[in-house]
Amino acid sequence: MDQDSAYSSLMKGIKEFDLRALSVPSDLVLIGDHAFPLVMNSKGQAFMAASLYGSGRIVVLGHEDYLTTFPVLVENAVTWLRGASSDNLSVGVHTNVKAVAENLKGFKPEVVEAFKEKPGVGVYVTDAYNVGADTKDLVKYIKNGGGVLIAGQACQWASHNSKDNTLHTFPGNTVAGVTGIYFSDDPGEREVVPVHSHIPASGLAIILGKKFADDLQFLLQGVTEFALPTSMTLSEILVHGRLAFPIGSTGGNQAFLAGAYFGQGRVIVASHDALIGQENMATFWKNALLWLDEGRRGVVGIQGKLSHSVLGMSGLKCEKTEFKPNLSVFVCSPNQIKDGNQLMHYVAEGGGLLVAGHCCNWTRKFKNVLTCYQGNLVLNPMGMSLSDATVQGGTHRATVPSQVHHEMYHFRRLLYRLACHVTLNEKLTKQEEGWLKKLASDCTSYLRMKANDCCAYAQVMSTLTEIYKTVGLPQVRVNEGHPAKTVKDHVLLTILPHVYKSCPKRDGLLSYLTKDQPMLPVVQDHVVKIDVVTSGVTWISTGLYLSPCMTTFLTVPPEIVGKNWKVQIGCQTDLLKAAVLKRAPCVHVQFPVKLNRVKVHNLWGGLIYLVAPPKCKVKGLEVVVQKAVPAPYYKSGVTTLEEWASLRTAPSPWAELEFENIILTVPSEAIRKLERPDHVAEFWDKIMRGIADLAGKSQSFPRKERFVTDVQISHGWMHSGYPIMAHKSTAGKLINIKQAKVTSLWGFIHELGHNQQRGCWEFRPHTTEATCNLWSVYVHEEVIGLPRAKAHKALNDAGRKKRASKYIKDGRKLTDWTIWTALETYLQLQEKFGWDAFKKVHKAYLKMTKTPKVKQAKMNLYATTFSQTVGMNLCEFFKAWGWLIDASTEEKLSQLPPWTDHPMAVYN
């Protein structure tokens, strides 16, 4: 069913509903994938709703007075409820609402004392108080294609039946509840409600449909804790439904047991199949089966290999069986669900379901387990989902039912509280503030469903978009002068990109997010030429920038479609987890090239890249970018100085300089006054050739290195990788070659050195921050012309001698052989044998096909390789530094002349 079309049909000719002078209605609780609201007040209370069930339809009104007050609505409803039987004018009307029959024009109404399905009856109209005896027949009637219009309110009924469970025992819910619409005992607030062009949703909807203290009281009777084996890894359960609730959770509010109402039935999910075999949980499982059985004392069917013994302690009859409709409770694995629709109808019509299993192994198969995993296709509509997050075993305290409203985390409730905090300035409790990080995680998981046709999903999306319509983008787009320090700001920054990505009506949100963003000039149909041979994943610069929230299309040649190519927006790929944020945690996105026309966008904007997969060769292809902002982009051998004079003023806030073996990405302000990028290119070309020389490699890098400067990075002042990340304040040093020749580029070369390190000659953790500095020393001395002592103050003669002396005095312990101390070992080798020795050693390692993994064996291989390279036995030198040199290595090198006057000999 197209819900939007159904809504339009039901609201045809109606502009508003004035409810102020009418009786107090019930707030309707909607669950599942097929129920949707028709009339909703400003607080998100639904007073009218519709749904599908099986082949039939239902319309539910929150008060019986609506049947006569709104005749146009009733006529529309009867017309829509006829469904496929559009020519059938027969309508059965219960005698308690016989006034409906008098108002129906153009139909053939018949007033009846009770429901009796007759051939040809297209719609049945009744109040919600007199359907008890007709429940099974009405449910069957709807399921087989009939239409029911039912109206009433449960508030007064509940006041006289306070001990009863309104969701299950109010007469109207025995029919409407099956279809996913419940009359609740919460009274609705009456107002004038306008009819919109789309299905209503509210940013401040009341989020839970029941207080679960009584359920938890039953389920946790005699249970004080859950002792899960520490070796067990469970899937976390995302509890998101209005009638779903966590039963067992960790201290971090990760649910491993959860329950829910679904139709007239009940469901429990355990996030590992082995849990139902835990004898220490026997009391809980007895309670759980009795809660699911609801007093029927029926048969519990247990599927396949799931444990039978512990469940048998419940006192109920248990048997091994596949699913059959006459079971009172069915126990199954989410992996083994065969007919999801049949199972959902079974529960909706009163069955009990226990699902036990995890999806940890399936996360490797599915990128999105919420939408692809078979078990979740059944569980999602029930308000619970097995996520790709995991829960480790351990002992977890059981919830105290009497305190449930104070200490129970619930995703929907906390989202509602955040919305009230942001839009209405309601203060959060300290406990709620402590839950916000968990909320961010749950929101991002939930939004991955992209279940836009589901009322519950639309409501969550509405709440989130209402939050961002209030705060806008500028307030959450933090910067150096306005960092995000509070948990709330962190949460808003984390969730917003997922809202932007998943929102089905993004254009309506964009006006709020971009209201203060400048409009930058664009170029149209820009052609990007691709000539690339890759060894690893490689970014290809386009010289274009996409403004925040801007959308464009790339037309790509068929040669790269479906070949693991991607389009990336954004150069800053660091994921931030800092307490204080100067930008959003993640500001880049990637789009797979699956079609020859790729739509791309990014909430935060960013430079546009093509991302080529490893081991591909492409030449002479062209990609056309529909529209984008030009960026200052210089490429050696392509961009002329005349072209650069204009390009350096291009409006993009980011610029790139692409040289022979390295690409520098910096804020555009750093290059606005740069007149001679060719001089910078010459300088960096020499540096990169020096990097390659010392590594014993070809001077043409298989993949150009990249530097990206950012307002904040994931760790350190700089860090290696692809790209190498550095702080924004260092951008000028990358460009200012005069300054570099005087004040050193130590940090930058240090990170380039990290990218040259190889595990076969590294002795981690000792040399992690040491051998990379060989490149720093080499480049400064041999390329830039800056002596090591001036390149870094730690390398003055006095400091070096002091470190070596202290190392010997402290016992030559390898635990102390790190950073500058470890570097000293290599510098002593260099000062004796020169840089050529290192080049030859590195080249020798490049030819090795098999090298040891254990540190001692790796040290002996290095000692052997270096000794043979220089033609001298270096065993005593390495032993003087505390290296673990074997007797066999000493024997192997005994034919070479020993290095007796090495610098460490003075300490013997």
Side-chain angles (χ1 to χ4, degrees), residues 3-30 35-51 58-81 91 93-94 96-107 109 123 125-129 148-159 172 176 181-206 209 423-424 455 458-459 462-463 466:
Q3 292 184 355
D4 288 326
S5 297
Y7 174 78
S8 297
S9 297
L10 287 162
M11 295 293 105
K12 183 179 179 182
I14 305 173
K15 294 183 178 180
E16 66 179 23
F17 292 91
D18 188 348
L19 309 177
R20 293 172 297 180
L22 302 179
S23 301
V24 176
S26 276
D27 176 26
L28 302 178
V29 177
L30 278 58
F36 59 97
L38 301 174
V39 175
M40 180 180 285
N41 69 5
S42 59
K43 289 194 172 182
Q45 293 180 300
F47 301 145
M48 306 178 192
S51 184
I58 190 170
V59 171
V60 181
L61 308 182
H63 201 285
E64 63 272 22
D65 287 355
Y66 295 171
L67 287 172
T68 53
T69 309
F70 304 113
V72 176
L73 170 67
V74 172
E75 184 177 333
N76 290 345
V78 172
T79 300
W80 179 75
L81 288 168
V91 179
V93 180
H94 191 278
N96 285 3
V97 292
K98 61 184 178 181
V100 173
E102 298 170 5
N103 293 335
L104 281 176
K105 307 299 181 185
F107 296 94
V123 177
V125 183
T126 182
D127 63 17
Y129 314 111
V148 169
L149 172 59
I150 184 170
Q153 62 99 350
C155 311
Q156 187 174 4
W157 181 92
S159 67
I181 305 173
Y182 297 87
F183 298 89
S184 81
D185 51 17
D186 290 323
E189 293 193 23
R190 295 161 292 172
E191 58 189 50
V192 178
V193 181
V195 173
H196 301 284
S197 60
H198 51 79
I199 296 173
S202 169
L204 293 176
I206 295 174
T423 62
L424 302 178
C455 170
Q459 183 58 64
S462 176
T463 301
E466 192 66 29

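None of these values were measured; they are calculated from a predicted model.
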Contact summary for [X] and [Y], nearest pair of heavy atoms:
X: Pro200; Y: Leu38; result: CG-O, 3.7 Å
X: Pro25; Y: Cys155; result: O-SG, 4.0 Å
X: Ala101; Y: Pro109; result: O-CG, 3.6 Å
X: Ile14; Y: Leu10; result: CD1-O, 4.1 Å
X: Ala158; Y: Asp185; result: CB-CB, 3.4 Å
X: Val195; Y: Glu16; result: CG2-N, 3.9 Å

With distance as the sole test, does [X] use its side chain to make a donor-acceptor pair with the main-chain N or O of [Y] at under 3.5 Å?
X: Thr126; Y: Ile150; answer: no
X: Ser184; Y: Val29; answer: no
X: Asp27; Y: Pro187; answer: no

Open item on the list: Would you call the rings of His198 and His196 parallel, tilted or perpendicular, taking 30° and 60° as the class edges?
Closed with: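 The rings of His198 and His196 lie parallel, inter-plane angle below 30°.
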Task: Glu189 side, atom CD; Asn41 side, atom CG - distance, nearest 0.5 Å - done: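 The distance works out to 6.5 Å.
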Task: Separation between CD of Glu64 and OH of Tyr66, rounded to the nearest 0.5 Å - done: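 If I round to the nearest 0.5 Å, the distance is 10.0 Å.
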Open item on the list: Checking Glu466 against Thr423: is there a side-chain donor and acceptor pair closer than 3.5 Å?
Closed with: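 No, no side-chain donor-acceptor contact under 3.5 Å.
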- [ ] List the steps, then state whether side chain to side chain contact (heavy atoms under 4.5 Å, CB included) holds for Leu104 with Val78.
- [x] CA-CA 9 Å; Leu104 281 176; Val78 172; 4.1 Å; yes
With side chains defined as the heavy atoms from C-beta onward, is the minimum distance between [X] and [Y] less than 4.5 Å?
X: Ile199; Y: Asp4; result: yes
X: Arg20; Y: Val192; result: yes
X: Leu149; Y: Trp80; result: no
X: Val125; Y: Leu81; result: no
X: Leu73; Y: Leu61; result: yes
X: Leu22; Y: Asp65; result: no
X: Ser9; Y: Asn76; result: no

Candidates [options] - the one meeting side chain to side chain contact (heavy atoms under 4.5 Å, CB included) with [X]:
X: Gln153; options: Phe183, Tyr129, Phe47; answer: Tyr129
X: Met40; options: Gln459, Gln45, Met48; answer: Gln459
X: Leu28; options: Val39, Asp186, Val60; answer: Val60

Open item on the list: The test is side chain to side chain contact (heavy atoms under 4.5 Å, CB included); show your working for His63 and Val24 and say whether it passes.
Closed with: CA-CA 8 Å; His63 201 285; Val24 176; 5.9 Å; no
TODO: Please say whether more than 12 non-hydrogen atoms of neighbouring residues, nucleotides or ligands are located less than 6.0 Å from CD in Gln156.
DONE: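 No, CD of Gln156 has 12 or fewer neighbouring heavy atoms, counting only those of other groups under 6.0 Å.
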Open item on the list: Could you check, using the six-membered ring where one of them is a Trp, whether Phe36 and Tyr7 have ring centers closer than 6.0 angstrom?
Closed with: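 No, the ring centres sit 6.0 Å or more apart.
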